[in-house]
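Report on the structure given below.
Not measured: the values here are computed from a predicted model. When a ligand or atom number is given, it counts from 1 through the structure's own listing order.
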Amino acid sequence: MDGKVALVTGGSRGIGAATVRQLVRKGWRVAVNYRSDEASAAALKGELGEAVELFRADVSQEAAIVRLFEDVLCRFGHLDALINNAGVTAPMCRLEDYSAERVSRLLQVNVLGPILCCREAVRHMSTRHGGEGGAIVNVSSAASRLGSAGEYIDYAASKGAVDTLTLGLAREVAAEGIRVNAVRPGLIHTDIHAISGEPGRVERLAPSVPMRRGGQPEEVAAAIVWLLSDASSFCTGSLLDVSGGR
Ligand code: NAP
């Protein structure tokens, strides 16, 4: 089977799964990473068939990331795109109630993971290392510029780091065939809000969105797929807000 190959971290649910579906529709083969929810991953595989392969790995762990890339390259032979989508929030509270464990966990998943996944992708894709180039899209958040006061400032700060990672790496590898961009979703209807303790968060905050609604995962996926495509061939280091004006 021909076609470009993408790795989507956290591709089994939400924004990641919507991205996987759109990539497959465009003829990509997709390595779908997930951490633990076998049922969601298996359902996506059942829906999309041989265009996708599942790779269980915790992308907050260096050894797991190295093995993930080895497994993906062994299965597909090469890699054209990385979507650093896996991310977590934490229970909503004020900063004075944070534990060090909570902040460390957030930074490990949302910052260390994307940086190390970028490292593995650059080692494979960069023309400096004999690669054929490629594209990276990091999934940041509007939280990086809003700050998430009273909810999760540490999460917002982790996404600020993702923005800076995107700007710096884009410049570092721009002459080596790799484009690096980010999307910054606003309030999107996925499970992440229930996981952080408020299933109705999007509905509560929708009136504060200039478009007066939350977004759908497919609306973020469309931006990601555009940033991976030749249609965005002169974009690198771009932070694309997909947030209904918020
Ligand atoms: P979601 O529905 O909760 O899905 C998260 C996905 O990430 C799942 O596939 C999950 O796998 C995976 N994952 C979590 N931790 C992982 C780890 N350590 N290793 C590997 N996979 C891991 O989340 P979402 O709302 O689609 O969010 C996707 C991205 O968008 C995140 O980076 C998030 O910060 C960002 N974002 C979301 C919103 C929003 O409103 N939804 C807004 C701004 C930004 P398992 O199911 O196996 O755990």
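- Under a cut-off of 6.0 angstrom, the local environment of CD in Gln216 is crowded, with over 12 non-hydrogen atoms contributed by other residues, nucleotides or ligands.
- Scanning all protein heavy atoms for the shortest distance to atom 3 (O) of ligand 1 gives Arg13 NH1, 3.3 Å.
- Taking every heavy atom of Ser12 and a limit of under 4.0 angstrom, the matching atoms of ligand 1 come to 8 (C), 9 (O), 11 (O), 46 (O).
- Taking a 4.0 Å cut-off on heavy atoms, Asp191 registers as neighbouring ligand 1.
- Residue Arg128 qualifies as open at atom CZ: its count of foreign heavy atoms under 6.0 Å is 12 or below.
- If you number the atoms of ligand 1 from 1 as listed, the ones under 4.0 Å from a heavy atom of Gly87 come out as 31 (C), 32 (O).
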Using side chain to side chain donor-acceptor pair (under 3.5 Å), reason through Asn85 and Thr9 one step at a time and then give a plain yes or no. CA-CA 5 Å; Asn85 167 76; Thr9 69; 5.5 Å; no
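- Protein heavy atom in closest approach to atom 26 (O) of ligand 1: Ile15 N, 2.8 Å.
- Between Glu53 and Arg29 there is no salt bridge, since none of the side-chain N atoms of the basic residue sits less than 4.0 Å from a carboxylate O of the acidic one.
- One finds a salt bridge joining Arg105 and Asp58 here, because a Lys/Arg side-chain nitrogen approaches an Asp/Glu carboxylate oxygen to under 4.0 Å.
- Leu240 and Val220 fall within the same hydrophobic cluster, defined by Ile, Leu, Val, Met, Phe, Trp and Tyr side-chain heavy atoms under 4.5 Å apart, directly or through other members.
- Neither the backbone nor the side chain of Val202 has a heavy atom within less than 4.0 Å of ligand 1.
- A donor-acceptor pair under 3.5 Å is formed between the side chain of Arg212 and the backbone N or O of Val209.
- The closest donor-acceptor contact from the side chain of Lys159 to the backbone of Val139 lies under 3.5 Å.
- Between Glu62 and Arg119 there is a salt bridge, since a side-chain N of the basic residue sits under 4.0 Å from a carboxylate O of the acidic one.
- Using a 4.0 angstrom heavy-atom cutoff, His193 counts as in contact with ligand 1.
- Atom 44 (C) of ligand 1 has as its closest protein heavy atom Ser140 O, 3.2 Å.
- Among all protein heavy atoms, the one lying closest to atom 36 (N) of ligand 1 is Tyr155 OH, 3.6 Å.
- At a 4.0 Å heavy-atom cut-off, ligand 1 touches Ala57 through the backbone alone.
- Nearest to atom 18 (N) of ligand 1 among the protein's heavy atoms is Asp58 OD1, 2.8 Å.
- Thr236 places a side-chain N or O within donor-acceptor distance of the main-chain N or O of Val180, the cut-off being under 3.5 Å.
- In this structure, the protein non-hydrogen atom closest to atom 19 (N) of ligand 1 is Val59 N, 3.0 Å.
- The residue among Ser141, Ser40, Gly186 with a heavy atom at the shortest distance from atom 38 (C) of ligand 1 is Gly186.
- Ion pairing between Asp241 and Arg184 holds under the 4.0 Å rule for side-chain N and carboxylate O.
- Here is the list of ligand 1 atoms found below 4.0 Å of a heavy atom in Val139: 29 (C), 30 (O), 32 (O), 35 (C).
- Taking only nitrogen or oxygen atoms, main chain and side chain alike, Asp37 reaches within less than 3.5 Å of ligand 1.
- Counting heavy-atom neighbours within 6.0 Å of Glu172 CD, excluding the residue itself, gives a total of 12 or less.
- For the pair Arg213 and Glu203, the minimum side-chain heavy-atom distance is 4.5 Å or more.
- Residue-level proximity to ligand 1 for Val88 is carried by the side chain, the only part with a heavy atom below 4.0 angstrom.
- Grouping the Ile, Leu, Val, Met, Phe, Trp and Tyr side chains by contacts below 4.5 angstrom, directly or via other members, places Trp226 with Val183.
- Considering backbone and side-chain atoms alike, Ile188 places an N or O below 3.5 Å from some N or O of ligand 1.
- Nearest-residue assignment for atom 22 (C) of ligand 1 (options Ala221, Ala86, Gly14; heavy-atom criterion): Ala86.
- Within the 4.0 Å heavy-atom criterion, the part of Lys159 lying near ligand 1 is the side chain and not the backbone.
- Residue Ser36 approaches ligand 1 through these ligand atoms, each under 4.0 Å from one of its heavy atoms: 45 (P), 47 (O), 48 (O).
- Residue Asn33 approaches ligand 1 through these ligand atoms, each under 4.0 Å from one of its heavy atoms: 20 (C), 21 (N).
- At the top of the distance list for atom 41 (N) of ligand 1, counting protein heavy atoms only, stands Thr190 OG1, 3.1 Å.
- Of all protein heavy atoms, the one lying nearest to atom 12 (C) of ligand 1 is Gly10 CA, 3.4 Å.
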